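Below is one structure; the comments refer to it alone.
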Amino acid sequence: MSASETTMPKSWRLETKPHKFCPGCGHGLVLKVLGQVVDELDIQERAVFGCDIGCSLLAWDFFNIDSVQTHHGRTTPVITGIVRANPSLIGIAYMGDGGGYAIGSQHLVNAANRNDKIFVLLVNNTNYGMTGGQMAPTTLPGQITETTPYGRDVDETGSPTLGPEMVAAISSETAYVARGTVSNMSKLKKFIKRAMENVVAGRGFSFVEVLATCPTNWRTNARDTWKFLDEDMKKYFKVGEFKTLPTEREE
Ligand SMILES: Cc1ncc(C[n+]2csc(CCOP(=O)(O)OP(=O)(O)O)c2C)c(N)n1
Ligand code: SF4
Ligand SMILES: [Mg+2]
């Protein structure tokens, strides 16, 4: 056994094999935090990780925990079903903004409304990353994508989906709802930990959206990637907690 294996957290295997995301992708950062939180809560034996179609599917074998790869947009109901069949499990549904807010939007709405005791973790990179950068529900007004070559026209396609705001409005008082960003990893970790603790306590539905980078489809260099994330995206998507215990509130 190598030194890295002896010190390796049980649920996190990025140390031992390279990930498959593009350089500069936000998915790896989100998954790193998720792995750390699973380790810190010591719930490897009870955690079930479900990943959607989209670049999130590249995470199907990252964790040394029970994992399931679902159809596009269907990770939330699959994880709900698994946890309903065995309520001792901790269900994590991982997806992109296309999977969560377009084809899977009804599942997100219904799971939040039923206060399902699962954690939905959604990566907002403002486009359909895996299929080559088409417009997603989160594409910013005026943003150029493969399917909006002249910029997104909100009169024609509607305004970007504000997921946490919507989930906060329809979910129970015991839900946890937040939006984090990969440009503030310590805050993101706090949000993901509180979301997981809410589910581990059997308290309620947990939802965290993460603002994340997709330099490949944004066609940005490193500087412009972070500028788009921190300036353009943050103008529209407010980072903070939308539902939490009053004693934990953090803007
Ligand atoms: C039912 C179905 N419809 C469409 C697709 C094609 N498809 C694969 S990934 C994807 C979009 C993924 O975008 P998103 O969910 O935002 O994830 P990202 O890749 O950006 O992380 C689409 C439309 C599919 N696989 N299955
Ligand atoms: S296409 Fe975008 S979301 Fe997908 S792996 Fe590459 S950078 Fe990440
Ligand atoms: Mg996406």
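Hydrogens, waters and symmetry mates are skipped; everything else that's a heavy atom, side chains included, is used. Just so you know, ligand 1 is whichever comes first in the structure, and atom 1 is the first atom listed for that ligand. Quantities reported herein were computed from a predicted structural model and do not represent experimental measurements.
- Residue G129 has at least one heavy-atom neighbour below 4.0 Å for each of these atoms of ligand 1: 13 (O), 18 (P), 19 (O), 20 (O).
- Other residues, nucleotides and ligands contribute more than 12 heavy atoms inside 6.0 Å of the CH2 atom of W226.
- Looking only at heavy atoms of the protein, atom 14 (P) of ligand 1 is closest to G98 N, 3.5 Å.
- Y128 CA, 3.4 Å is the protein heavy atom nearest to atom 13 (O) of ligand 1.
- A donor atom on one side chain and an acceptor atom on the other are not found under 3.5 Å apart for Y128 and E146.
- Here L41 contributes atom CG and M196 contributes atom CE; the two are 6.0 Å apart, rounded to the nearest 0.5 Å.
- Inspection of the R152 and T157 side chains reveals an N or O donor paired with an N or O acceptor under 3.5 Å.
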Test log, rule side-chain hydrogen bond (donor to acceptor under 3.5 Å, both in side chains), inputs Y94 and H27: CA-CA 10 Å; Y94 184 72; H27 273 289; 2.6 Å; yes

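- Residue, atom and distance of the protein heavy atom nearest to atom 8 (C) of ligand 1 are I53 CG2, 3.4 Å.
- With atom 2 (C) of ligand 1 as the reference point, the heavy atom nearest to it among H71, H72, Q134 is part of H72.
- Near N125, meaning under 4.0 Å from any of its heavy atoms, are these atoms of ligand 2: 3 (S).
- H27 counts as a contact of ligand 1, since one of its heavy atoms falls under 4.0 Å from the ligand.
- Of the protein's non-hydrogen atoms, the one nearest atom 7 (N) of ligand 1 is T131 CG2, 3.5 Å.
- Side-chain contact annotation: S183 with D230, donor-acceptor N/O pair under 3.5 Å present.
- Each of the atoms 19 (O) of ligand 1 lies under 4.0 Å from some heavy atom of M130.
- Only the side chain of I103 comes within contact range of ligand 1, with a heavy atom under 4.0 Å; no backbone atom does.
- Using a 4.0 Å cut-off to heavy atoms of C55, the atoms of ligand 1 that qualify are 18 (P), 19 (O), 21 (O).
- Around atom 15 (O) of ligand 1, the closest heavy atom drawn from G99, G54, G133 belongs to G99.
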T148/Q134 under side chain to side chain contact (heavy atoms under 4.5 Å, CB included): CA gap, chis, key distance, verdict: CA-CA 8 Å; T148 56; Q134 296 82 6; over 6 Å; no

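- By the 4.5 Å heavy-atom criterion applied to side chains, V210 and L188 are counted as neighbours.
- Protein heavy atom in closest approach to atom 17 (O) of ligand 1: G96 CA, 3.8 Å.
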Test E165 against R179 for salt bridge (charged side-chain N to carboxylate O under 4.0 Å, His left out), laying out the working first. CA-CA 9 Å; E165 290 85 342; R179 180 186 285 117; 2.8 Å; yes

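- Side-chain atoms of W218 and T126 include a donor-acceptor pair closer than 3.5 Å.
- With a 4.0 Å cut-off on non-hydrogen atoms, L58 does not touch ligand 2 at all.
- For the pair K238 and Y236, the cation-pi criterion (under 6.0 Å, within 45° of the ring axis) is not fulfilled.
- A donor and an acceptor atom, one from each side chain of N115 and T174, are located under 3.5 Å apart.
- In summary, the atoms of ligand 1 found under 4.0 Å from a heavy atom of N127, numbered by their order in the structure, are 16 (O), 20 (O).
- A donor and an acceptor atom, one from each side chain of T181 and K234, are nowhere located under 3.5 Å apart.
- Of all protein N/O/S atoms, those lying under 2.8 Å from atom 6 (Fe) of ligand 2 come to 1.
- Of the candidates N125, V123, D97, it is D97 that places a heavy atom closest to atom 16 (O) of ligand 1.
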Stepwise, does the side-chain hydrogen bond (donor to acceptor under 3.5 Å, both in side chains) test hold for Y176 with E197? CA-CA 10 Å; Y176 178 87; E197 284 170 343; over 6 Å; no

